[in-house]
Amino acid sequence: METALMVVPSALVKVVNPAPLSVDLNAKLKYKDLLWFGASWRAFDSVVGMVGLSYEQFTLGYSYDAGTSQLAGYNGGSHEILIGLRLKKKNQEVCINKFW
């Protein structure tokens, strides 16, 4: 029996000179590979809430990024809309030997 809920953690470390080191920690909770919601934390900069829907090869999502740094008083956060298309590979035969 397949579980309906799945946790998908991820992390990203960015090193780009001359910018400071950036670390993102993320977690998504997926329900039946259809609905997902999650949160993200960018070290000393922001927190993010996200929600989305995936159907076949299509994805639609929304996230809100709220600043936690000293610049947070100068902006109201940011909104992001995600529209995704996953390109499928053609099915490939593992053994193409016609004598088997």
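All residue numbers in this chain count up from 1 along the given sequence. Worth knowing before you read on, the calculation uses all heavy atoms, side chains too, and leaves out hydrogens, waters and symmetry mates. What you are looking at is a predicted structure, and each value in this text was computed from that prediction instead of being measured.
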Check: Is the closest side-chain heavy-atom distance between Leu34 and Leu53 below 4.5 Å?
Finding: yes
Note to self: If hydrophobic clusters are built by linking Ile, Leu, Val, Met, Phe, Trp and Tyr wherever their side-chain heavy atoms come under 4.5 Å apart, do Ile81 and Met50 end up in the same one?
What the structure shows: no
Check: Going by the salt bridge (charged side-chain N to carboxylate O under 4.0 Å, His left out) test, which pairs reach into residues 60-87, not counting sequence neighbours?
Finding: none
Next item on the list: Determine the minimum heavy-atom distance between Ser63 and Val48, stating which atoms define it.
Entry: CB-CG1, 4.0 Å
Item checked: Spatial distance of atom OG (Ser69) from atom CG (Asn75) [nearest 0.5 Å] -> 7.5 Å
Checklist line | Flag if over 12 foreign heavy atoms under 6.0 Å of OH, Tyr62 | finding: yes
Item checked: Distance, nearest 0.5 Å, that separates CE of Met6 from CG of Asp33 -> 5.0 Å
Notebook entry, point to check: Would Leu12 end up clustered with Val15 when hydrophobic side chains under 4.5 Å apart are linked, directly or stepwise?
Noted result: no
Check: Which atom pair, heavy atoms only, marks the closest approach of Leu21 to Lys14?
Finding: CD1-O, 3.5 Å
Check: Counting only heavy atoms not in Tyr31, do more than 12 fall under 6.0 Å of its OH?
Finding: no
Next item on the list: Decide side chain to side chain contact (heavy atoms under 4.5 Å, CB included) for Leu82 and Thr59; before the verdict, give the C-alpha distance in whole Å, the side-chain angles of both, and the deciding distance to 0.1 Å.
Entry: CA-CA 7 Å; Leu82 164 75; Thr59 300; 4.0 Å; yes
Next item on the list: Establish, for the pair Lys28 and Trp36, whether the NZ or CZ atom is under 6.0 angstrom from the six-membered ring centre and no further than 45 degrees off its axis.
Entry: yes
Check: For Ile83, does the CD1 atom sit with more than 12 other heavy atoms under 6.0 Å from it, leaving out its own atoms?
Finding: no
Check: Asn26 and Ser10: side chain to side chain donor-acceptor pair (under 3.5 Å), yes or no, with the steps?
Finding: CA-CA 5 Å; Asn26 316 289; Ser10 64; 3.1 Å; yes
Next item on the list: Decide yes or no on side chain to side chain contact (heavy atoms under 4.5 Å, CB included) for Trp41 and Asp24, but give the supporting numbers first.
Entry: CA-CA 6 Å; Trp41 176 71; Asp24 295 8; over 6 Å; no
Margin query: Please report the interatomic distance CG(Leu35) to OG(Ser54), rounded to the nearest 0.5 Å.
Written below: 8.5 Å
